[in-house]
Amino acid sequence: MRNLKRALSLTLASVMLLGMMVVGTSAASFPDVTAEDNVEAIEVLAEVKVLQGYDDGQYHAENPVTRNQMATIICRMMGWRDGDFAGLNPFPDVPDWAANYVAACVANGIINGRDDGRFHGDDTVTATEAASMMLRALGYTRMPVGAAWAQAVAQQASRINLFKDLSVGANTALTRGDVAQLSLNTLQATMVDVEDNTLNISGGTSDNPFNISGGQINYIVRTSDDDKIGKAIREGTVAGGGTSSSQLNGQTLELGEQVYQGDLKKIEDTDDFGAPAYRWTYKKAEIGTYAKAADVTYTSEVKVKDLYRDMGLSAETTGDNLTIEEDGDPYAGTVTKLVKSGDDGDKKLGGNGVVVKAYKTEDSDDDNIDEVTICIIN
């Protein structure tokens, strides 16, 4: 139900919603970054010095990103020192400023050149090219080559949410705003290790015909038993921690946890309107607090029973399972429960320019009752 939203019929309503989006406040903020940009990603990536602003103090989210620049971004994201790869660039068409970054990515199996033996680093990086680099950084090192590579990359990247909050096609030329979002999605993705069951061929005579076995590649979730690292960005446990099913349970290890060793943290919080949000910190310094996307949003009056239906609820929600905030304070109105019919279902929220946003947390107590937070913004 995350994508279920009522259509907004008025342009004014859209403007209101954009103006109410909560953005982070920190040294990483840029005057030209608006609520329409990937604010959270831009500010987090700027704070960890992966994607920073220009000399004019602006971010320029609309500027395209080249393949040379993408190699630089990957190196910064992975924490590689470009000086360690001096003189190892294999491509004749890479400029001096990018040579060590490209060399680092080649040495770590992140990028390849084109069929003519050149890198073509001045070309704008496409969505599939950038996603392919990010997948390899996460440990997906056995991606198909040849004609099937783009489809395989798109499928795997979508499967692990690398394209979350991005509206791009396979051959879309990515902007700095797009790459910031893709990078943040990658930092939050779980790392993997390869279990390569290599194709084995034996035999080959009339008395001993060919015997073919194996050939399957498995990716195993990487984990950490260090709570400081394994819980910094996303909590989650996996049976059979590490890279072997014989090992103990562990916390899933996201790329950002591996690179920043727990210094970059994503914390469950609420914003100024009481909406569920994430608060990012780096080395204990505040980056910003960013509201989650609402399950449903209303800019006109809504009945309780309609909200119940639109959120896909299956049981009455009340008491500890229902939180209603009005401008960040506890709601003082008469709506105390969410039901699908009856007098309580006819009660109303919002209207007269008020924005109502509702968020659902899936049932985690096996009682079939979801937790709902409603934010009323005057």
Side-chain angles (χ1 to χ4, degrees), residues 2 38 40-41 44-45 48 50 70 73-80 105 108-111 127-128 130-144 152-166 168 178-197 216-268 278-282 287 290 292-293 361-362 364:
R2 177 64 58 184
N38 300 316
E40 179 179 354
V44 173
L45 269 295
V48 297
V50 172
M70 195 69 207
I73 292 165
I74 291 281
C75 284
R76 291 174 178 169
M77 189 177 73
M78 299 300 291
W80 295 331
C105 289
N108 286 280
I110 302 297
I111 59 176
T128 46
S132 176
M133 299 177 196
M134 296 298 187
L135 285 171
R136 291 189 177 99
L138 289 167
Y140 294 92
T141 56
R142 300 293 192 273
M143 299 302 294
V153 165
Q155 288 176 343
Q156 185 60 45
S158 297
R159 190 176 295 123
I160 63 173
N161 293 324
L162 292 195
F163 293 135
K164 183 176 181 290
D165 296 325
L166 284 169
V168 294
D178 296 330
V179 171
Q181 188 63 57
L182 178 64
S183 299
L184 186 62
N185 293 343
T186 303
L187 287 174
Q188 297 177 85
T190 304
M191 301 188 73
V192 297
D193 288 303
V194 177
E195 183 181 69
D196 191 349
N197 184 7
Q216 182 177 359
I217 296 173
N218 297 317
Y219 290 107
I220 302 173
V221 171
R222 191 180 297 184
T223 64
S224 170
D225 293 325
D226 186 341
D227 283 350
K228 177 191 173 192
I229 298 174
K231 291 184 177 180
I233 290 179
R234 190 180 74 183
E235 290 192 36
T237 57
V238 174
T243 59
S244 170
S245 59
S246 65
Q247 292 180 314
L248 298 175
N249 293 348
Q251 297 288 329
T252 59
L253 185 64
E254 279 59 62
L255 179 62
E257 294 170 340
Q258 172 70 26
V259 172
Y260 299 106
Q261 292 291 294
D263 286 337
L264 180 63
K265 294 183 179 180
K266 181 182 181 182
I267 304 162
E268 292 274 356
Y278 293 117
R279 177 166 53 89
W280 284 92
T281 65
Y282 180 54
I287 299 176
Y290 309 90
K292 299 179 184 179
T361 302
E362 300 293 341
S364 58

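The shown structure was predicted, so the numbers you read here are calculated from the model rather than taken from an experiment.
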Checklist line | Tyr140/Ile160 under side-chain contact (heavy atoms from CB on, under 4.5 Å): CA gap, chis, key distance, verdict | finding: CA-CA 11 Å; Tyr140 294 92; Ile160 63 173; 3.7 Å; yes
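- Put simply, the side chain of Tyr278 does not reach to within 4.5 Å of the side chain of Val44, judged on heavy atoms.
- Counting only distance, with no hydrogens or angles, the side chain of Asp226 and the backbone of Lys228 share a donor-acceptor pair below 3.5 Å.
- With hydrogens and angles disregarded, a donor-acceptor distance shorter than 3.5 Å links the side chain of Tyr219 to the backbone of Arg142.
- In this structure Arg279 satisfies the salt bridge (charged side-chain N to carboxylate O under 4.0 Å, His left out) test together with Asp269, Glu286, sequence neighbours excluded.
- A salt bridge between Lys292 and Glu40 is absent, with no side-chain N of the basic residue lying under 4.0 Å from a carboxylate O of the acidic one.
- Of all non-hydrogen atoms in Ala232 and Gly262, the two that sit nearest each other are CB-CA, 3.8 Å.
- Atom CD of Gln188 sits about 8.5 Å away from atom CG of Leu264, to the nearest 0.5 Å.
- Judged by distance alone, the side chain of Gln258 and the main-chain N or O of Leu253 form no donor-acceptor pair under 3.5 Å.
- The CG atom of Leu182 sits 5.5 Å away from the CE atom of Met70 when rounded to the nearest 0.5 Å.
- Leu255 has its side chain within reach of Met77: a pair of non-hydrogen atoms, C-beta onward, lies under 4.5 Å apart.
- Between Phe163 and Ser158 the shortest heavy-atom distance is CD1-OG, 3.6 Å.
- Taking the side-chain hydrogen bond (donor to acceptor under 3.5 Å, both in side chains) definition, one finds that Glu254 meets it with Thr190, Arg234, Thr252, sequence neighbours left out.
- Of the inter-residue distances, the one linking Met133 atom CE with Ile110 atom CD1 reads 9.0 Å to the nearest 0.5 angstrom.
- Under a 3.5 Å cut-off, the side chain of Ser132 and the backbone N or O of Thr128 do not form any donor-acceptor pair.
- Side chain of Gln181 to backbone of Leu166: no donor-acceptor contact under 3.5 angstrom is found.
- Contact detail for Ala137 and Met191: the closest heavy-atom pair is O-CE, 4.0 Å.
- The two residues Ala41 and Leu184 come nearest to each other via the heavy atoms CA-CD2, 3.6 Å.
- Ser183 approaches Leu45 most closely through the heavy-atom pair CB-CD1, 3.8 Å.
- A heavy-atom distance below 4.5 Å is found between the side chains of Leu187 and Tyr260.
- Note that CD1 of Ile229 and CG of Asp263 are 9.5 Å apart. Values are rounded to the nearest 0.5 Å.
- Residues Leu162 and Asn185 approach most closely at O-ND2, 2.9 Å, considering heavy atoms.
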